[in-house]
Number of protein chains: 2
Amino acid sequence: MQYAEFMNEALAEAKQGLAEGGIPIGSVLVLDNQIVGRGHNRRVQLSSAIRHAEMDALESAGRMTAKEYQHCVLYTTLSPCAMCSGAILLYKIPTVVIGENRTFMGEENLLRERGVNVIILHNPECEELMREFIKNNPTLWSEDIGE
Amino acid sequence: MQYAEFMNEALAEAKQGLAEGGIPIGSVLVLDNQIVGRGHNRRVQLSSAIRHAEMDALESAGRMTAKEYQHCVLYTTLSPCAMCSGAILLYKIPTVVIGENRTFMGEENLLRERGVNVIILHNPECEELMREFIKNNPTLWSEDIGE
C-alpha cells in the first residue's frame, strides 16, 4: 500500500473515535507494509490521559522488539504532540507520516532534529475533521493538549 | 511530605512491580502535596508498550485540567525516557523529582531546556533495585528502552 492508503486506515480510526463520542484522531503502525497496530484517541471513551491515537496504536501492537520498531512507519491523522513524539523517539521509529499539521503543530522539529523522517500529507479530510471538532469542542480539545 | 517521603511512595510502587514479575520502576503524581496518581511499569503485567511507571501514574490520575497538571510534581524512581518526558512536556508538569539516573539517563536535558525543574535525589535504593534488575534481565530491560 501507498502512504495515502495507510492514511485512509488512520482516518477510519479517527472517524470511529468521533462516532464513539471521542476526539477524531487516528493512527496505524505499519511494519513491512502490514498494519501491526491501530488505534484512536480514547480520552473520552476510557477517561484516559495517555491514550492519544499514536499511543493507542502502539499499545494495540503489544510488545515488540527494538528491531521491529526500527522498521516501522507510524501514520497519524494529526501532527504528534510531545508525548507521542517522545514515544516515537523512545522506540526509534524512523518514519512518521502525518495527515495534517494546520490545526495543531506537534513536535515535528524535535523529531527531525533527532533524525526521524517526517512526511506531511496535507490531507484535507484529516484537517476538516479536526477543524470541525475543535470548533464544537474547544474545552475538550484544550484538555487533550494540556492547554 | 518532603521529597524523600514521596519518593518512598514511588519506591513502594517499584517494589510492587518487581513482586508482580515486572520491571521495578515506580512513580507518583502529586498535586498540592497530595498523591493524585500512582503507578509502576507494567510492560510484563499488561503486555504493554506504553505503561512505563510515569505513564501508569498519569493514567491512574485520570483526566485532569491543564491548570492542575501545571501545579503537579511528578516523582519517578528512574530518569524518565523520551516518552515519559514527552508526557511531562505535553502536560507542562513544572517539576520532576528523580530517584536516580546512573543506571539509565533519560531526557533530562530536554526537560531542562524546556524549563522543567529537574531534581535528582541519587537515592541508593532506587539505584540498587535497577542495577540488580538489569543484571538479571538484560533482554527485558533492552526491550523497555527500545534498545
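A, B, ... follow the sequence lines: proteins, then strands. Residue 1 opens every chain. Basis for what follows: all heavy atoms, side chains included, without hydrogens, waters or symmetry-related copies.
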Which atoms of [X] approach chain A - backbone, side chain, both or neither, heavy atom under 4.5 Å:
| X | answer |
| --- | --- |
| B/I88 | neither |
| B/S48 | both |
| B/E68 | neither |

Flag the pair [X] / [Y] as yes when at least one side-chain heavy-atom distance between them is below 4.5 Å, and no otherwise.
| X | Y | result |
| --- | --- | --- |
| A/L140 | B/R63 | yes |
| A/D56 | B/I50 | no |
| B/H52 | A/L90 | yes |

Decide, yes or no, whether a salt bridge links B/E107 with A/R114 under the criterion of side-chain N to carboxylate O below 4.0 Å. yes
Please tell me whether [X] and [Y] are part of a single hydrophobic cluster in this structure, the criterion being side-chain heavy atoms less than 4.5 Å apart.
| X | Y | result |
| --- | --- | --- |
| B/I25 | B/M55 | no |
| B/V97 | B/V118 | no |
| A/I35 | A/L29 | no |
| B/L74 | B/Y69 | yes |
| A/L58 | A/M83 | yes |

So which part of A/S85 gets closer than 4.5 Å to some heavy atom of chain B, the side chain, the backbone, both or neither? neither
Which region of A/L46, side chain (C-beta onward) or backbone (N, CA, C, O), has a non-hydrogen atom less than 4.5 Å from a non-hydrogen atom of chain B, or is it both or neither? neither
Just wondering, are more than 12 heavy atoms of other shown residues or ligands nearer than 6.0 Å to NE2 in B/H71? no
From OG (A/S47) to CD (B/E59), nearest 0.5 Å: 8.5 Å
Non-hydrogen atoms of [X] and [Y] that approach each other most closely:
| X | Y | answer |
| --- | --- | --- |
| B/G62 | A/A49 | O-CB, 3.9 Å |
| A/I145 | B/K92 | O-NZ, 4.0 Å |
| A/L89 | B/A82 | CB-CB, 4.0 Å |

Pairing donors with acceptors under 3.5 angstrom, does anything connect the side chains of B/E143 and A/T65? no
B/Q70, B/K67, B/M64, B/R43: which one forms the most heavy-atom pairs within less than 4.5 Å of chain A? B/R43
If you count heavy-atom pairs within less than 4.5 Å of chain A, which of B/C81, B/G146, B/G37 leads? B/G146
